[in-house]
Number of protein chains: 2
Amino acid sequence: MTKAKIQSKSGATANTKATCKVRSPCPIAKTLDLLGDKWTLLVLRDVLVFGAATYSEFAKSTERIPSNLLSDRLTRLVSEGFLEKQSYQTKPPRYKYIATTKGRAIRPIISAMKKFGDDNL
Amino acid sequence: MTKAKIQSKSGATANTKATCKVRSPCPIAKTLDLLGDKWTLLVLRDVLVFGAATYSEFAKSTERIPSNLLSDRLTRLVSEGFLEKQSYQTKPPRYKYIATTKGRAIRPIISAMKKFGDDNL
DNA sequence: GCCACTAACTTGCAATAATAAAGTTACTAC
DNA sequence: GTAGTAACTTTATTATTGCAAGTTAGTGGC
């Protein structure tokens, strides 16, 4: 060991917003509390539309999400039940993220956004 | 005039993000560039679902948007063609914001979010 | 005329989140 | 043992948000 810096695995970085705050009982507001930012839905798009599964596949996506935000959004999507993290290989440790039933349920939102964008932007 | 502080009408506050930046040609990403934050779609929801029209009606909404953000989002939605600002009375100056055709086009997105929220949250 | 009140905003500032760039860990292949 | 890749972290800087208070323009009461 050249550096001796074991350090806790759970060290969260700057981007760990309080996902527990509920603004209102409105289903639209509750949905926005989970997905209402610039990156979360793009990660879900990569999974559901483009078939991305690994960290590096998300990172290669055209919008170039910063690596710490990708890490944060993946962690969040897993903890909220949209994605599941699976280890598919241990000997280099490799992971893939797959959509859960709840994750696939946002597909209509993405479709609606795609149609809006195609028609109006 | 008790204070003599005319000051320019165009003084933009802190919240004036660069709405011109285009991350990618993807219609979903372009839609998120416009609507991808916690408040913009709620303002549009207030217009399209709850029939809100005036500044104070938006401000009274259950999620309690800060007034500077409401001001910023209304300005932005008007400048991007989602809403139109109409003066309906001059003698107290009063305004109402109404959805344009483009504004009404985001209705399917809101409906999809409502359904997702009702089914999953 | 003066005071209270409402609508529609602005301004200032601390707190929070986003961005960019560099660093880390755990391997494989040459 | 040097280079390279995947999957992350860390640090430092910049931008956005949230809150409180202030402003402008006008109405109604006394």
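Just so you know, these numbers come straight off a predicted model, no measurement behind them.
- For the pair B:Asp33 CG and C:dA18 P, the computed distance is 15 Å after rounding to whole Å.
- Here the C1' atom of nucleotide D:dA15 and the CG atom of B:Asp37 are 14 Å apart, to the nearest Å.
- Between D:dA7, D:dT17, C:dA8, one nucleotide has an atom nearer to the side chain of B:Leu69 than all others, and that is D:dT17.
- For the pair B:Ile65 CD1 and C:dT10 P, the computed distance is 14 Å after rounding to whole Å.
- Comparing D:dC8, D:dG26, C:dA26 by their nearest atom to the side chain of B:Pro92 picks out D:dG26.
- Distance NZ (B:Lys91) to C1' (D:dA25): 9 Å, rounded to an integer number of Å.
- Comparing atom distances between the A:Tyr55 side chain and each of D:dT17, C:dA8, D:dA7 picks out D:dA7 as nearest.
- Residue contacts for B:Phe58: at a heavy-atom cut-off of 4.0 Å it reaches no nucleic acid atom on any strand shown.
- As a whole-Å value, the separation of B:Glu57 CD from C:dT6 C1' is 14 Å.
- Distances shorter than 4.0 Å separate none of the side-chain N or O atoms of B:Tyr95 from OP1 or OP2 on D:dA25.
- Between A:Arg64 and A:Thr90, the residue anchored nearer the 5' end of DNA chain C, judged by the nucleotide with its closest heavy atom, is A:Arg64.
- Between the CZ atom of B:Arg45 and the CD1 atom of B:Ile109 there is a distance of 15.5 Å, given to the nearest 0.5 Å.
- Between A:Thr54 and the phosphate of D:dA7, there is a side-chain N or O to OP1/OP2 separation shorter than 4.0 Å.
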(message) Before you tell me yes or no, could you show the steps for B:Trp39 and B:Glu63 under side-chain contact (heavy atoms from CB on, under 4.5 Å), namely the whole-Å CA-CA distance, both residues' side-chain angles and the distance that decides it to 0.1 Å?
(response) CA-CA 9 Å; B:Trp39 295 110; B:Glu63 293 84 9; 3.7 Å; yes

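- Counting non-hydrogen atoms under 4.0 angstrom, B:Ser87 reaches nothing in the nucleic acid.
- A sub-4.0 Å separation between OP1 or OP2 of C:dA17 and a side-chain N or O of A:Trp39 is absent.
- In this structure, the nucleotide among D:dC8, D:dA7, D:dA20 sitting nearest to the side chain of A:Arg94 is D:dA7.
- The environment of NZ in A:Lys114 is sparse: at most 12 heavy-atom neighbours from other residues, nucleotides or ligands sit within 6.0 Å.
- A:Glu80 contributes atom CD, which lies 10.5 Å from atom OG1 of A:Thr75 (distance to the nearest 0.5 angstrom).
- Regarding B:Lys60, its NZ atom lies at a distance of 12 Å from the C1' atom of C:dA8, rounded to whole Å.
- Among the heavy atoms of the strands, none lies under 4.0 Å from A:Lys96.
- Here the side chain of B:Arg73 is nearest to one of D:dC19, D:dT17, C:dA26, namely D:dT17.
- Between the C1' atom of C:dA8 and the OH atom of B:Tyr88 lies a distance of 10 Å, rounded to the nearest Å.
- The side chain of B:Pro66 lies closest to D:dC19 when the candidates are D:dA21, D:dC19, C:dT19.
- Note: NZ (B:Lys38) to P (C:dA18) measures 10 Å, nearest angstrom.
- Distances from the side chain of B:Asn68 to the nucleotides C:dT11, C:dC27, D:dC8 place C:dT11 closest.
- Taken from CD in B:Glu84 to OG1 in B:Thr101, the straight-line distance is 9.5 Å, to the nearest 0.5 Å.
- Taking only distance into account, the side chain of A:Ser56 never meets the base of D:dT5 through a donor-acceptor pair shorter than 3.5 Å.
- Not one side-chain nitrogen or oxygen of B:Ser67 sits closer than 4.0 Å to the OP1 or OP2 atom of C:dC9.
- Within a 6.0 Å radius of NZ in B:Lys102, more than 12 heavy atoms belonging to other residues, nucleotides or ligands are found.
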